[in-house]
Every structure is written in structure tokens, then in C-alpha cells.
Amino acid sequence: MPSLIVRDVKNGRVKEIELTKRRFTIGKSDWNDLVLPRDSVSREHCVLFERNEAYFLRDLESRHGTTVKGKPIQGDLELNDGDRFELGGFELQFRQARQRKKREELTSSLETSKGSVRSGQRQGAKLGPKPSAYRLVKQLCHKELLDSKELKRVDFETIEEDQARQMTERVLVRIIKDLEEAGKLASFDRRKLLKEVLDEALGLGPLEDLLRDDNISEIMVNNAETVFVETRDQGMILSEAKFSSDEQVIHVIRRILAPIGRRINEQTPICDGRLLDGSRVNAVIPPLAVSGPSLTIRKFPKERLGISDLVNFGSLSEEMGKMLDLAVSERLNICISGGTGSGKTTLLNVVSSFIRPGDRIVTVEDVSELKLDQPHVVTLECRAPNLEGEGAVTIRDLLKNCLRMRPDRIIVGECRGGEALDMLQAMNTGHDGSLTTIHSNSPRDCVSRMETLVLFAGMDLPSKAIREQISSAIHLIVQQTRLHDGARKVTAITEITGMEGGVVTMQDIFKFEQTGFDAEHKVVGTHVATGNVPKFVQNLRRRGIEVDMSIFQRTDTGGSDRPGRRRRR
């Protein structure tokens, strides 16, 4: 019997409905065969009907339409096995009556795999089943779960997650026992099989254990069978985790994106998102990902790091931490510069902790990642366009709006386009103490890149005018770098001192000097003060405010005794 697999885009939940009638209506009114109670669904939205031993889909002049790959359907559309269509925040997939055939194919493949394993054991091969056989068992368990009449009668949208897991676990235990009695489980670990199938059905599958491992900082899924992880002690290694199929990887990706209102399909095969703990997620699916769906997760530490943690890690010195605390307290505009994966967001989180609790903070991000402890925080997150290409809200839109929200401080997660001009204007019009990050490899490159980003705003401004904006808006550039051994360090704290002949002038306050490598090929070096005193510190002293000047005292590294020189760009 044909069926519909219904997935709620909002929460990622999935259920299967059998097409028991030759004419099957879908809508939000109770008289429909499939009721989807949501305002975006019309009373009678669409209908599936059988004609000449084929099924067709017709939209019933609904308000928001029924779409296939983002395009509204016109007339009667013939459905083939596996075809998907969307309506009112739901994605539906038409399935022909081939579940039993598929199950028989899996069972036959499993028997063949088991036979080859036993043959190998008789010939003295290593004990234990082939990994392919184990994946076939997992796929068979998933098929049985989808066919379970007990679960089909349950509306997973109305019950708690714990209750849904208990009900699914009870059904899965019975399925595993039936497979065991039929002699299809060989020597597999039943508890491991139960856990992995449950994680795949209701959670994030093999990613669950990787996400719980605090030693793992990044997870990279190349395809269903290839998962790499970056650990804090061993670096990049190949994980033993595997998915049962590429479809399972896509299912996990959609489950991650559903709570934040993002979607991924053939029309939009690239998407950024985040987990509930703030970890950053990027996903690419076919046809762009030729080798299979790709997923990259950059994990954030469960406990928020402080400046003392960075000092203990060797990312910066205690004197640099004191200087950043003083700069934030005195409402300097700070830009954190660095390459991809250098730790800019982590450092931005740490630096923002110096903001006074009474300040009203408005954060603007592409994907919300910042975790601030202050009580007076408003978090804004941009929105991607819908299937019709409408409704997008960009960082520029949010930045312009937040100026009307009476912020004491504005924090932009990252400047990567025309919003750089809006950020500079905000810094120059009374919103002192603002923070942002930018991709660049040095303080010099930071100024140059910011100048380029301002041009993305579409304003035909001369270079000199842009540099004047930068020199008056940005006070400090904090350069974050990921070194060759993977260590993340603040390699420079640079002050912008003004303009000379159309050129932005800068001076290093602190810098990291590398002296070599140790026996384990780790970078060896020290953070040193150049002896230059920031202008804002000199202004504080002129106003009679006491400042610990020892933190700026030049560090003797055994080289030249010349004081740090002012640099020009």
C-alpha cells in the first residue's frame, strides 16, 4: 500500500501515513484524511488521487500553494516513488508499496553477508561480522520501526521527547528480539545496536557520542562512512563512527536545522546552523556534495572560558588580559582579527565578559553563537529566504534596526560584507565600546580588508574617506592566530593611532615572538610588551586616573633595545 512520509520542518519529527483511499485529501480541517493543523495550511490544501494505476497530486487553490523543489505545481502532477513536495512548513515524500520488498532485499543481503562471515571463520579468518552486515541489520531495524503499527498510531508532535524515546525503545526491543529468534543477529552486541538505532531514529545518530566527548573540538562528516574528528591531544584523526546510509546523514542534518527554522534541500543544498549549545554547523548535500552529504560541527566548550583560562592555555599573557579589561571598561571600539578556526568567537566571548552588567548590549549575528552573562542583552539573528526567495533578513538590516534599540554596546559576530560600513558609522556616532570580528591574517590586513568590505555596501567612497572612517572608529585590533601546531594565540594587540598623509598609522602594544620548536614540534615563544603606551592610557593619566603602567613596560627578549616603532599602512 502506498504511503506518505510526513516531516515537520519546524521540529524535524517524522511519521508515515498509509494512503488507504483512492482519493486522499490534505488540509487543516478535521474532515481531511491527513490533518495538518497549522495556519500556513489551508482548510483543503491539496489532494492525492489514483488514476490508471498511478498517483497524482493536485493543489486545491490553497493560499500558500503546494511546491516541488520550490516551484508551485500546476495542474495534476504524477508522483513517482520517492518524490517530495512541500506545503505549509511540512515536507511530504510519496512512497510506493515496496517496504516489504526492500525488507526482503535487506534480509537476503544480510544472510549473504553472514554466510561469507561464517565461511571466513571456518577458514581461520578473524572472528566477528563484517561492518557491512552490521549496517544491514541497522537498516532492517529502521524499516521495521517505520512499519510498526504501534508507532504509526502515535502523534509525536503532542508528546514529550522522553515519552517518545521510551515508546520507540519498547518497540525496538521487540524488533531486536524477533530478529534474534530468526537467527539474523549473529554475534552483534544487542545493547550497542539498540542505542545506535535509537540515536539515529530520535537523535543525531553516531554524532551523539562524539558531541558528548569533551576532548573533541570539531566533527567532520565527509559521507556516511567517513567521519573525521579533531581532538585536543591528537589533532585530526579518523573516527570509528559511521552512519547507516547517506539518507541518515541528511536526516540528521535536517533534525539539527529544524529548531532554528533553517532548511536544506536540492533547491538550497548549503546551510549554516547551530546546535542547542551554540556549536557551529555547516552542511552541504548533493548535488553539490558529490561524495555524499557533508556535515561540519565546530563544538563550543560546555563551560564558558574566562580570561584566566586563556592565560593558562598560553593564548595571551596576564598583562595583555589586564590591558583588554581596561580597554573594554573605557569603551574602546575593538576589532578581533584572525583566520578561519583561529578562535575569534571564543576570544570575543571572553572580551565581552569585561562589559559592565548595567550596559544594554545588542548582538547581531548570522547564526547566534555568543553566550553573554550580562542581564541586559538582546540577541538578534539574521534569517535566510524562504522557498520563494522572500523574507530574508540580513545582518545589515538587523544592524540598522539595532541603532533604534538604544544600545550602549553593539556586538557584531562577524563583518563579512557591506555591514562593515554600518558598523563603522555606528562606532563613529556615539556607540563606543562596540566589538566585532573580521577575517584577516594581520592587523595591517585587517584595515585593508575592512576597507574592501566597506565597498561592498555599494557606496562609491574614495579610499581616503574610508580610511578616515576606520582610523576614527576602530581603536584596537586584537590579532588571533592559529599556529602550525594547532595552538591558538593572540599574536598582536595593535592600536590605531590616526592618519598621516592618507595612510592609517598603527603601533603594536603587545606581540608574540616565536623562538622555535620543542622536541614535540610545538611552537615555543613568548608574549612581549613593546614599550608603547596606548593613547587612551595617556589620556586617563592626564585626567588623574591611576593606571598600572608596569603592564606596558617593554619586555626584554635579548634583542635590540630600541623601543617599538609606529607602523604605517
Side-chain angles (χ1 to χ4, degrees), residues 5 7-9 11-16 91 93 106 131-146 148 151 156 161-162 164-169 171-173 175-176 179 188-216 218-230 237-260 262-265 271 273-277 279-286 289 291-299:
I5 297 178
R7 185 178 70 87
D8 190 339
V9 176
N11 54 37
R13 291 176 176 173
V14 180
K15 61 181 177 181
E16 187 174 13
E91 183 181 76
Q93 184 179 27
L106 286 171
S132 58
Y134 185 65
R135 287 197 295 273
L136 287 171
V137 169
K138 290 171 65 176
Q139 293 177 22
L140 190 58
C141 289
H142 280 293
K143 296 298 180 184
E144 295 288 349
L145 274 178
L146 284 175
S148 171
L151 295 182
F156 283 90
E161 185 174 347
D162 291 341
R165 189 174 184 89
Q166 291 175 3
M167 297 180 65
T168 307
E169 183 176 357
V171 173
L172 185 56
V173 167
I175 291 172
I176 292 176
L179 292 176
F188 297 123
D189 187 337
R190 275 63 170 169
R191 292 185 179 181
K192 178 183 177 183
L193 178 63
L194 176 65
K195 177 184 179 301
E196 290 185 0
V197 175
L198 270 178
D199 286 343
E200 291 181 1
L202 300 176
L204 302 183
L207 299 183
E208 293 283 353
D209 291 335
L210 301 180
L211 290 170
R212 283 192 288 265
D213 190 344
D214 294 336
N215 188 42
I216 295 176
E218 197 148 4
I219 303 170
M220 291 148 282
V221 180
N222 295 351
N223 50 53
E225 298 185 1
T226 309
V227 180
F228 281 87
V229 296
E230 184 179 41
I237 58 174
L238 177 63
S239 170
E240 297 181 357
K242 296 181 185 295
F243 289 84
S244 59
S245 63
D246 285 344
E247 289 75 14
Q248 185 62 36
V249 181
I250 296 177
H251 177 70
V252 167
I253 292 172
R254 287 173 172 163
R255 188 179 292 274
I256 291 172
L257 298 177
I260 60 175
R262 304 289 174 98
R263 64 176 61 190
I264 192 168
N265 48 40
C271 191
R274 57 177 166 79
L275 298 177
L276 296 178
D277 62 356
S279 297
R280 187 182 307 169
V281 176
N282 175 267
V284 187
I285 65 173
S291 61
S294 173
L295 177 66
T296 306
I297 301 177
R298 181 171 299 166
K299 291 174 58 180

Provide the closest heavy-atom pair for Val249 versus Ala224 in the form atom of the first, atom of the second, distance. CG2-CA, 3.9 Å
One should read off an interatomic distance between Ile264 CD1 and Ile285 CD1, to the nearest 0.5 angstrom, of 4.5 Å
For the residue pair Leu211 and Ile297, establish whether any side-chain heavy-atom pair is separated by less than 4.5 Å. yes
Is there a side-chain contact between Thr296 and Glu218 (heavy atoms, below 4.5 Å)? yes
Measuring only between side-chain heavy atoms, which start at C-beta, is Asn222 closer than 4.5 Å to Leu295? no
Check side chain to side chain contact (heavy atoms under 4.5 Å, CB included) between Gln248 and all other residues, then give those that pass, not counting sequence neighbours. His142, Glu200, Phe243, Ser244, Ser245, His251, Val252
From CG (Asp213) to CD1 (Ile219), nearest 0.5 Å: 8.5 Å
Listed partners of Glu225 passing salt bridge (Lys or Arg N to Asp or Glu O under 4.0 Å), at least two apart: Arg135
Listed by chain and number, what are the salt bridge (Lys or Arg N to Asp or Glu O under 4.0 Å) partners of Arg255, not counting sequence neighbours? none
Not counting sequence neighbours, which residues clear side chain to side chain donor-acceptor pair (under 3.5 Å) with Thr226? List them please. Asn223
With sequence neighbours excluded, tell me which residues meet salt bridge (Lys or Arg N to Asp or Glu O under 4.0 Å) with Arg212. Glu208, Asp209
With sequence neighbours left out, write down each residue that passes side chain to side chain contact (heavy atoms under 4.5 Å, CB included) with Arg7, or none if nothing qualifies. Val9, Val14, Glu91, Arg254
With sequence neighbours left out, the residues meeting side chain to side chain donor-acceptor pair (under 3.5 Å) with Ser294 are none
In sequence, state the C-alpha distance, the side-chain angles, and the governing distance for Val227 and Leu238, and then conclude on side chain to side chain contact (heavy atoms under 4.5 Å, CB included). CA-CA 6 Å; Val227 180; Leu238 177 63; 5.9 Å; no
Test your reading of the model: is there a side-chain donor-acceptor pair from Lys299 to the backbone of Ile216, 3.5 Å cut-off? yes
So CG of Leu207 and CD1 of Ile256: to nearest 0.5 Å the spacing works out to 6.0 Å
Leu194: partners by side chain to side chain contact (heavy atoms under 4.5 Å, CB included), with sequence neighbours left out: Glu169, Leu172, Val173, Ile176, Leu198
Grab the two heavy atoms, one from Ala289 and one from Gly292, that are nearest each other, plus how far apart they are. CB-O, 3.1 Å
For Asp246, give me all partners under side chain to side chain donor-acceptor pair (under 3.5 Å), at least two apart in sequence or on another chain. none
According to salt bridge (Lys or Arg N to Asp or Glu O under 4.0 Å), who are the partners of Asp214, at least two apart in sequence or on a separate chain? Lys302
